[in-house]
Amino acid sequence: MLELIKTVFSSDISRYILVSAAIIVIFCALSQKKKISAKGIALIGLMVSLNIIFVRFLSIQTWNIKISLGFLPLVVTAVLLGPIEAGLAGAIADFIGAIIFPAGAYFPGMTLTALFTGIVWGLFLYKKVSMPRIICAAAINNFAFSMVLNGYWISILYGSPFAGILQVRAPQACFMFMAQIVVIPVLYKALFKRIKVIFDDPLVN
């Protein structure tokens, strides 16, 4: 399977076209599936801004690892709005952040990962936050997406061995996994529930 993927993504042009097309198709499907309210759009805009700040300015990152609180805005969006909106927030934040505040060459595969990450948070946490769900979502996002999928994108971008990238990114995935399963429950009890009450208030337009 890995060899097939490498063959498909053998050239820069085909790689960028295929991933960009996949992002566009998913965006269109998501936007058609559910109408987003004006209040939801405003929240997404705020969370996108916070994600960019956390990821681009308040993070520890090198060419192959990144440690930040960028997951928090996506979790807020996921809890309040759902997987579609959280996926859009993640993808938009990654795209805008990479274009305006680049830390290297823009690669659409990272945006696709950000989209999937937001969707997973929403699928597990929308209207049903619990510790087992937090653990499952954090495990998928950190080990399947951040470590493996982004590790593969990095190996393509820099021509580094995929296995070596995985070894380097494994400690980051473990650290972020532990941080998320500790931070998210605490903030949900202390902050997310209050935000949800305000957000769900029909008098707040």
Side-chain angles (χ1 to χ4, degrees), residues 1-2 5 19 22-23 25-27 29-30 33-34 36 40 43-44 47-48 50-51 54-55 59-61 64-94 109-154 162-163 165-197 199-200:
M1 184 64 182
L2 185 58
I5 295 175
V19 177
I23 294 173
V25 169
I26 294 174
F27 267 41
L30 292 177
K33 185 176 180 181
K34 181 178 179 181
I36 303 175
L43 179 69
I44 290 174
M47 294 301 108
V48 166
L50 289 176
N51 179 273
F54 287 149
V55 172
S59 65
I60 301 173
Q61 58 181 317
N64 61 348
I65 63 171
K66 180 185 295 182
I67 297 175
S68 76
L69 295 175
F71 65 91
L72 289 179
L74 299 186
V75 171
V76 172
T77 308
V79 171
L80 298 181
L81 299 178
I84 295 174
E85 291 85 347
L88 290 174
I92 292 170
D94 181 84
M110 300 295 185
T111 304
L112 189 63
T113 301
L115 175 67
F116 290 155
T117 298
I119 290 174
V120 168
W121 285 126
L123 289 175
F124 280 91
L125 303 184
Y126 182 51
K127 293 184 177 180
K128 43 194 173 184
V129 178
S130 66
M131 194 62 191
R133 289 180 175 275
I134 293 173
I135 292 174
C136 289
I140 293 172
N141 282 337
N142 284 289
F143 296 110
F145 293 156
S146 179
M147 186 177 76
V148 177
L149 187 56
N150 274 353
Y152 179 68
W153 299 142
I154 292 173
F162 180 56
I165 294 293
L166 288 182
Q167 292 179 359
V168 174
R169 292 182 66 82
Q172 170 197 319
C174 293
F175 176 83
M176 290 303 301
F177 171 73
M178 296 301 298
Q180 288 171 4
I181 64 175
V182 171
V183 171
I184 292 174
V186 173
L187 287 185
Y188 180 72
K189 292 180 180 179
L191 184 61
F192 289 176
K193 287 185 177 180
R194 296 180 183 179
I195 296 176
K196 184 171 178 58
V197 169
F199 186 81
D200 291 341

Roughly how far, to the nearest 0.5 Å, is [atom2] of [Y] from [atom1] of [X]?
X	Y	atom1	atom2	value
E85	I119	CD	CD1	10.5 Å
I84	L115	CD1	CG	10.5 Å
R133	L125	CZ	CG	8.0 Å
L72	Q180	CG	CD	8.0 Å
I44	N51	CD1	CG	12.5 Å
I181	M176	CD1	CE	11.5 Å

Quiz item: Backbone N or O of A78 within a donor-acceptor pair of the W121 side chain at under 3.5 Å?
Solution: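 Not a single qualifying donor-acceptor pair exists.
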Do you know the tightest heavy-atom contact between [X] and [Y]?
X	Y	result
A114	G90	CB-O, 3.3 Å
P73	L50	CG-CB, 3.8 Å
A170	M147	CA-SD, 3.5 Å
N142	S146	O-CB, 3.4 Å
T111	A91	CG2-O, 3.5 Å
Y188	V79	CE1-CG1, 4.0 Å

Exercise. Let me see the working for R169 and I154 under side chain to side chain contact (heavy atoms under 4.5 Å, CB included), right down to the final yes or no.
Key: CA-CA 11 Å; R169 292 182 66 82; I154 292 173; 3.3 Å; yes
Exercise. Provide the full list of ring-ring contact (aromatic ring centres under 6.0 Å, His included) pairs with a residue in residues 127-146, sequence neighbours left out, each pair given once.
Key: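 Output for this query lists F116-F145, F143-F177.
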Quiz prompt | Pairwise side-chain hydrogen bond (donor to acceptor under 3.5 Å, both in side chains) hits with a residue in residues 72-84, at least two apart | solution =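 Listed by first then second residue: nothing to list.
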Practice problem: Not counting sequence neighbours, which residues clear side chain to side chain contact (heavy atoms under 4.5 Å, CB included) with P185? List them please. | Solution: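 Partners of P185 under the side chain to side chain contact (heavy atoms under 4.5 Å, CB included) test: M131, I134.
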Practice problem: For T117 and T113, run side chain to side chain contact (heavy atoms under 4.5 Å, CB included): C-alpha distance rounded to whole Å, both residues' side-chain angles, the deciding distance at 0.1 Å, then the answer. | Solution: CA-CA 6 Å; T117 298; T113 301; 4.1 Å; yes
Self-check item: Stepwise side chain to side chain contact (heavy atoms under 4.5 Å, CB included) test for L74 and M47
Solution: CA-CA 7 Å; L74 299 186; M47 294 301 108; over 6 Å; no
Quiz item: Is any side-chain heavy atom of F71 closer than 4.5 Å to a side-chain heavy atom of V55?
Solution: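 Not touching, per the 4.5 Å side-chain cut-off.
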